[in-house]
Amino acid sequence: MVNQSFPLGFLLLGFSEHPELERILFVMVLTSYLLTLVGNTLIILLSVLDPRLHSPMYFFLSNLSFLDLCFTTSFVPKMLVNLWGPKKTISFLGCFIQLFIFLSLGTTECILLTVMAFDHYVAVCQPLHYATIIHPRLCRQLAAVAWVMGLAQSIVQTPPTLLLPFCPQQQIHDFLCEVPSLIRLSCGDITYNEIQLAVSSVIFVVVPLSLILVSYSAIAWAVLRINSAQAWKRALGTCSSHLMVVTIFYSSIIAVYLQPKNPYAQKRGKFFGLFYAVGTPSLNPLIYTLRNKEVKRAFRRLQGKEGDSRES
């Protein structure tokens, strides 16, 4: 068996073992992608055009929407081509670009959700000092840290993964190029890559999730001390949308990456992975628009209907 460090390309098997599902999945993925494009673009436009949404919360939300647009666009078009036709290959360069963007933006989202949890903590627990603590300069700095950390993580992890000596049978049992699937293709020693994957998972997944849980524990404790129905209502209004997004996001990650290493679990993990990669970005704008009165009002103002809605 001859190892190939720089193969011409890979075969993305995806859901090819279920050919009867591929057309159905094509329609579902296309629908989710269109919802992602429309919903996240709308949030960005509202956050930029409406002066009442020029606040830290919507600044971070517009960053999250822009991230979801880039994240899905990095692999969904190729996935749609693979689901529709018999050709399911991806070039080595295409795999490199896909992996680099996937790692970078996935890490950035973990950090950005943590930053948004900190913003909610200050809004609920330190309302009188909110404007002083969460000022525009700090918002820009925190957003920049999230994007830079995502870029740094991708720069560190992408080259060692694609420099592995791959076996001649370059079949990726997934619908995109990601680290665990590529590691399984290697014929060489993968100890360093597995350690690197474990360490990065702790730093960029476990630590951010722990900080989010600490933030919401502090919020719950602060509201319980006040013992007021109005305080509970205000806290839920501030945090409920973000809490739903965090729950869906991290539940998907846990379902994909923390599963037994057996064929059945890997097949099931593909569907969880599809939901994490395609479903979550399409749900985020729905959660933030359907549960947020300020976004609804901003949308009506953008349409020029605010006055009409008040008169009716």
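Values reported hereafter were calculated over all heavy atoms of this structure, with side chains retained and with hydrogens, waters and symmetry mates removed.
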More than 12 heavy atoms of other groups within 6.0 Å of Phe26 CZ: yes
Interatomic distance, Phe10 atom CZ to Gln170 atom CD [nearest 0.5 angstrom]: 6.0 Å
Atom pair CG (Leu283) and OG (Ser32), whose distance is rounded to the nearest 0.5 Å: 7.5 Å
Nearest-0.5 Å distance that lies between atom CG in Leu274 and atom CE in Met79: 5.5 Å
Would you give me the side-chain donor-acceptor pairs under 3.5 Å for residues 104-116, sequence neighbours excluded?
| residue | atom | partner | partner atom | Å |
| --- | --- | --- | --- | --- |
| Thr107 | OG1 | Leu103 | O | 2.9 |
| Thr108 | OG1 | Ser104 | O | 2.8 |
| Thr108 | OG1 | Ala146 | O | 3.4 |
| Thr114 | OG1 | Cys110 | O | 2.9 |

Aromatic ring pairing Phe75/Phe71, orientation class (parallel under 30°, perpendicular over 60°, tilted between): perpendicular
CD1-OH distance between Ile183 and Tyr192, expressed to the nearest 0.5 angstrom: 11.0 Å
Backbone N/O of Val48 and side chain of His54: donor-acceptor pair under 3.5 Å: yes
Side-chain donor or acceptor of Asn284 paired with backbone N/O of Ser65 under 3.5 Å: no
Flag, side chain of Lys88 to backbone of Leu13, donor-acceptor distance under 3.5 Å: no
Donor-acceptor contact below 3.5 Å, side chain Asn40 vs main chain Pro281: yes
Check: Leu69 main-chain N/O paired with Thr72 side-chain donor or acceptor under 3.5 Å: yes
Check: Tyr288 main-chain N/O paired with Ser241 side-chain donor or acceptor under 3.5 Å: no
Any side-chain heavy-atom pair of Phe66 and Ile44 under 4.5 Å: yes
Test item: Gln196 side-chain N/O and Thr161 main-chain N/O as donor-acceptor pair under 3.5 Å: no
same_hphob_cluster(Leu224, Ile219) at 4.5 Å side-chain heavy-atom cutoff: yes
pair Gln153-Met149: side-chain heavy atoms closer than 4.5 Å: no
Exam field: side chain Ser200 to backbone Leu197, donor-acceptor pair closer than 3.5 Å: yes
Euclidean distance, Tyr276 OH relative to Ser252 OG, rounded to 0.5 Å: 8.5 Å
Atom pairs and distances, donor-acceptor, side-chain atoms in residues 207-217, under 3.5 Å, two or more places apart:
| residue | atom | partner | partner atom | Å |
| --- | --- | --- | --- | --- |
| Ser210 | OG | Val206 | O | 2.8 |
| Ser215 | OG | Leu211 | O | 3.0 |
| Tyr216 | OH | His242 | ND1 | 2.6 |
| Ser217 | OG | Leu213 | O | 2.7 |

Closest contact, heavy atoms only, Pro285 versus Gly39: CB-C, 3.6 Å
Atom of Ile90, atom of Gln98 and distance for their closest heavy-atom approach: CD1-NE2, 3.9 Å
Donor-acceptor pair, side chain of Ser282 and main chain of Gly279, under 3.5 angstrom: yes
Donor-acceptor pair between Thr247 and Ser251 side chains, under 3.5 angstrom: no
Tyr33 versus Thr73, closest heavy-atom pair with distance: OH-OG1, 3.0 Å
Gap between atom CZ of Phe166 and atom CG of Leu182 - 0.5 Å precision: 5.0 Å
Least distance between heavy atoms, Gly94 atom then Ser91 atom: N-OG, 2.9 Å
CZ/Phe102: more than 12 non-hydrogen atoms of other groups inside 6.0 Å: yes
